[in-house]
Amino acid sequence: MLFWGFIVAMGITIISCEKKNNESDEYYVKYKVNSTTIYSGAKLDVTINTEDNQNITLIVNQGTQWETVIGPVQKGFNATLKAIATEETYNQLRLYSEIHVNKNDSPFALKEIDGSDTPRDSVQISYTIDY
């Protein structure tokens, strides 16, 4: 009887391991842009790479925090984020950008950041999912 219990337990373990190994991991990407400026009403063109591997450009207000989540994507996906001021900033715009990734419903983890306090009119970062 103990022998059959062992056989059943091993069979269940093998089947569950095979199922986990055959399932592909799902990832979600969170893009974030934060900007500060002394001017109001100015805009940023924010370009991101989507889950369809297409670049889309969105118009975002300067002086605000913006974020979006895309997915699911697979391992090897190259997440890219670019933000550019649409007009003259007179050296008063500070841009901060981040890329976060989650795997299989885990919490988002920061994978790439550009948080310079140097005034600038654009920022670009990327991260390739490799875990």
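A quick note: this is a predicted structure, and the numbers were derived from the prediction, not measured. The chain is numbered in sequence order, starting from 1.
Annotation: the span from N34 atom CG to E67 atom CD amounts to 10.5 Å, rounded to 0.5 Å. In this structure, N53 CG and E51 CD are separated by 10.0 Å, a value rounded to the nearest 0.5 Å. For the atom pair CD (E26) and CG (N104), the distance works out to 7.0 Å, reported to the nearest 0.5 Å. To the nearest 0.5 Å, atom NZ of residue K82 and atom OG of residue S126 are 12.0 Å apart. Distance check, rounded to the nearest 0.5 Å: CZ of R120 to CG of N91 gives 12.0 Å. Interatomic distance, Q65 CD to T36 OG1, rounded to the nearest 0.5 Å: 11.5 Å.
Under a hydrophobic-cluster definition in which Ile, Leu, Val, Met, Phe, Trp and Tyr are linked whenever side-chain heavy atoms come within less than 4.5 Å, directly or via other members, L110 and L95 are assigned to different clusters. With hydrophobic clusters built from ILVMFWY side chains whose heavy atoms lie under 4.5 angstrom apart, I84 does not share a cluster with V123. Under the 4.5 Å side-chain heavy-atom criterion for Ile, Leu, Val, Met, Phe, Trp and Tyr, Y28 and Y127 are members of distinct hydrophobic clusters. Under a hydrophobic clustering in which Ile, Leu, Val, Met, Phe, Trp and Tyr are joined whenever their side-chain heavy atoms come within less than 4.5 Å, directly or via other members, I70 and V101 fall into the same cluster. The hydrophobic clustering, which links ILVMFWY residues whose side-chain heavy atoms are closer than 4.5 Å, places V60 and L81 together.
Between N55 and I48 there is no side-chain heavy-atom pair separated by less than 4.5 Å. Counting heavy atoms from C-beta outward, Q62 and Y39 have side chains that stay 4.5 Å or more apart. Side chains of V29 and V73 form a contact here, defined as non-hydrogen atoms less than 4.5 Å apart. Proximity of K111 to Y131: side-chain heavy atoms (C-beta onward) are separated by under 4.5 Å at one or more points. Inter-residue side-chain proximity for V33 and L44 is flagged as met; some heavy-atom pair is nearer than 4.5 Å. Within the 4.5 Å cutoff, the side chain of I38 has no heavy atoms near those of the Y90 side chain.
Side-chain N or O atoms of N61 include none that pairs as donor or acceptor with a backbone N or O of K43 at under 3.5 Å. Remark: side-chain polar atoms of S35 are paired, donor with acceptor, to backbone N or O of G63 under 3.5 angstrom. Between the Y31 side chain and the N49 main chain, a donor and an acceptor come within less than 3.5 Å of each other.
Not a single salt bridge (charged side-chain N to carboxylate O under 4.0 Å, His left out) links K75 to another residue, sequence neighbours left out.
D121 and T89 share a side-chain donor-acceptor pair at under 3.5 Å. A donor-acceptor pair shorter than 3.5 Å can be found between the side chains of Y96 and D117.
Other residues, nucleotides and ligands place no more than 12 heavy atoms under 6.0 Å from the CG atom of D105.
With F108 as the aromatic partner, K32 does not meet the cation-pi criteria of under 6.0 angstrom to the ring centre and within 45 degrees of the ring axis.
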